[in-house]
Amino acid sequence: MSSRNTQFYICKCFTTENIFLEEYKLHVSFVSEQQFRRDYGALLRSLGCVTEHQFEDVLQEISQEVGRRQCLGVTSAERAAAIKEEYQPLHPHVYHLQESYLAPKFLQMVESCGSRDSSEGLTDLIEEEAASRVYRFPMFEKSFCVDLVEELEHFERSSAPKGRPNSMNHYGILLDELGFDEGLITPLRERYLHPLTSVLYPDCGGRCLDSHKAFVVKYDMKEDLDLSYHYDNAEVTLNVSLGKDFTDGNLYFGDMKQVPLNETECSEVEHRVTEGLLHRGQQMHGALPISSGQRWNLIIWMRASQERNQLCPMCSRRPTLVEGVGFADGFTKETHTPANTSCVLT
């Protein structure tokens with residue numbers, strides 16, 4: 001689904017909702033200090049935030065994150081311009097999708113989606129995990145993964161400016177800023193992932209994905225080891241393990257975010273290099289700690305404006321639109337009534 005001439009927006013809640021407090025493994029909303037103390041004071045005390053000094057540290061952390069989000073569109077555009085001006089890629093070919101990068105079985109899966117019995121044909125080829133509606137499949141050839149990680153490491157070592165992928169991952173790269181969107185990620189979504197999501201997630205916007213946010217995250221023994229339980233700002237998420245060598249660090253999946261935690265059972269899923277995992281964006285999940293080595297993951301949050309225009313997945317309200325840059329957070333001013341208003345909870 002092409003969206004090259006569409007104006008995309010963020011929801012106003014981006015600066016107030018789902019702010020992650022790392023020390024307390026807690027997502028919070030912040031409108032004012034009075035509201036925050038009322039809503040989270042007792043909970044934070046139960047988690048060990050017992051002194052006024054500790055509480056002031058929390059407020060400072062929130063202030064910094066809110067400031068980052070308020071300026072994100074401008075600072076991201078500035079970084080992208082500086083990167084384009086001063087950064088020299090190591091492997092220019094990885095910025096442009098070629099079919100030779102893709103695993104033969106993945107191409108077979110995509111082809112099966114065009115058949116009359118697409119659902120049955122895809123089911124025969126794809127591996128469903130114990131976690132509900134989580135699918136595993138070979139994604140990339142190993143040589144492409146090696147070259148892509150080498151390119152990302154080369155960028156890391158450069159003097160070009162860098163931004164955090166999100167509030168939970170400290171180490172990683174925003175791929176649109178590095179110039180990957182037009183030549184790699186957008187054609188990957190439109191030509192190859194869209195046929196799969198149309199069959200696997202028709203009730204979650206899988207048939208009308210029109211934007212994305214793509215980034216890589218890095219886990220290292222001296223940096224981020226794991227990722228806390230959360231859901232994504234996406235209708236459908238692709239997570240590909242790019243390498244390098246690591247042990248442990250499995251993913252775990254629970255139910256959709258609407259299901260109470262005390263009614264949720266989690267299933268562990270091994271993440272293997274070159275393989276992709278597809279899951280619903282609103283499905284709760286996390287990553288267990290690696291115990292050795294280093295892991296790079298490619299994450300693509302795929303978005304369907306027809307779905308999110310009705311209900312923001314982050315604040316669960318009708319979105320209040322604020323103009324954004326590029327794909328922003330995938331909202332548009334076009335109004336369509338989707339065939340299904342919400343993902344199936346199981």
Side-chain angles (χ1 to χ4, degrees), residues 18-27 61 65 68 90-91 94 129 131 134-158 160 162-178 180 184-185 212-234 237-254 266-279 281 283-302:
N18 295 285
I19 298 167
F20 185 62
L21 303 179
E22 183 174 7
E23 183 175 349
Y24 303 101
K25 307 299 181 186
L26 183 66
H27 284 91
E61 181 181 354
E65 174 59 17
R68 183 189 74 86
L90 177 68
H91 295 309
V94 300
E129 295 296 315
V134 177
Y135 301 96
R136 176 207 301 280
F137 48 89
M139 182 75 207
F140 293 125
E141 293 286 8
K142 181 65 181 292
S143 58
F144 172 74
C145 291
V146 170
D147 286 353
L148 181 55
V149 170
E150 286 182 357
E151 176 64 32
L152 298 171
E153 290 179 322
H154 179 65
F155 174 70
E156 267 201 327
R157 292 190 295 268
S158 77
K162 302 163 184 72
R164 289 174 62 177
N166 53 65
S167 63
M168 297 184 71
N169 295 102
H170 294 86
Y171 301 94
I173 297 167
L174 291 159
L175 294 183
D176 63 325
E177 293 184 0
L178 193 46
F180 277 98
L184 183 73
I185 305 299
H212 61 261
K213 177 179 179 178
F215 52 96
V216 291
V217 294
K218 183 176 71 166
Y219 300 92
D220 186 276
M221 297 305 295
K222 297 180 181 179
E223 300 173 347
D224 287 339
L225 293 175
D226 57 9
L227 186 62
S228 295
Y229 204 45
H230 67 285
Y231 59 90
D232 298 336
N233 187 356
T237 294
L238 173 70
N239 185 331
V240 184
S241 178
L242 299 174
K244 302 165 67 176
D245 294 318
F246 58 90
T247 54
D248 297 323
N250 287 348
L251 305 185
Y252 58 97
F253 290 87
C266 288
S267 301
E268 228 176 282
V269 176
E270 184 182 359
H271 212 5
R272 305 168 189 153
V273 175
T274 74
E275 291 189 346
L277 291 169
L278 270 178
H279 65 87
Q283 185 168 6
M284 299 293 294
H285 59 285
L288 296 170
I290 61 169
S291 58
S292 68
Q294 185 182 93
R295 182 172 80 186
W296 289 81
N297 285 28
L298 166 65
I299 312 294
I300 306 178
W301 288 351
M302 293 178 279

With rounding to the nearest 0.5 Å, note down the distance linking CE in M302 to CG in L278. 5.5 Å
Which heavy atom of V273 sits nearest to which heavy atom of L242, and what is that distance? CG1-O, 3.7 Å
Identify, with sequence neighbours excluded, every residue that meets side-chain hydrogen bond (donor to acceptor under 3.5 Å, both in side chains) alongside Y231. N18
Rounded to the nearest 0.5 angstrom, the CZ-CG distance for F215 and N297 is 9.5 Å
Going by the rule ring pair (Phe, Tyr, Trp, His ring centres under 6.0 Å), which residues pair with F253 if we only count those two or more places apart in sequence or in a different chain? H279, H285
With sequence neighbours left out, the residues meeting side-chain hydrogen bond (donor to acceptor under 3.5 Å, both in side chains) with S291 are T247, D248
Set of salt bridge (charged side-chain N to carboxylate O under 4.0 Å, His left out) partners for E22, sequence neighbours left out: none
Using every non-hydrogen atom in the two residues, find where V94 and F180 come nearest and quote the distance to one decimal. O-CE2, 3.6 Å
Among residues at least two apart in sequence or on other chains, which ones pass ring pair (Phe, Tyr, Trp, His ring centres under 6.0 Å) with F155? Y87
Under the side-chain hydrogen bond (donor to acceptor under 3.5 Å, both in side chains) test, which residues partner R164, sequence neighbours left out? none
Among residues at least two apart in sequence or on other chains, which ones pass side-chain hydrogen bond (donor to acceptor under 3.5 Å, both in side chains) with H271? N239
Backbone N/O of I290 and side chain of R295: donor-acceptor pair under 3.5 Å: no
Y252: partners by side-chain contact (heavy atoms from CB on, under 4.5 Å), with sequence neighbours left out: Y229, C266, L288
When rounded to the nearest 0.5 angstrom, what distance separates CZ in F20 from CG in L26? 8.0 Å
All side-chain contact (heavy atoms from CB on, under 4.5 Å) counterparts of A234, not counting sequence neighbours: D232, T237, W301
If you look at every heavy atom in V269 and A131, which pair is closest and at what distance? CG2-CB, 4.5 Å
Taken in chain and number order and not counting sequence neighbours, the residues that satisfy side-chain contact (heavy atoms from CB on, under 4.5 Å) with T274 are K142, C145
Nearest 0.5 Å, what's the CG-CG distance between L90 and L148? 11.0 Å
List in chain and number order the residues that pass salt bridge (charged side-chain N to carboxylate O under 4.0 Å, His left out) with E270, two or more places apart in sequence or in another chain; answer none if no residue qualifies. R272
So how far is it from Q294 CD to Y219 OH, rounded to the nearest 0.5 Å? 12.5 Å
Nearest non-hydrogen partners of A214 and I300, listed with the distance: CB-CG1, 4.2 Å
Give every residue pair that meets the salt bridge (charged side-chain N to carboxylate O under 4.0 Å, His left out) criterion with at least one member in residues 148-158, sequence neighbours excluded. E153-K244, E156-K218
How many angstroms lie between atom CG of L298 and atom CG of L152, to the nearest 0.5 angstrom? 9.0 Å
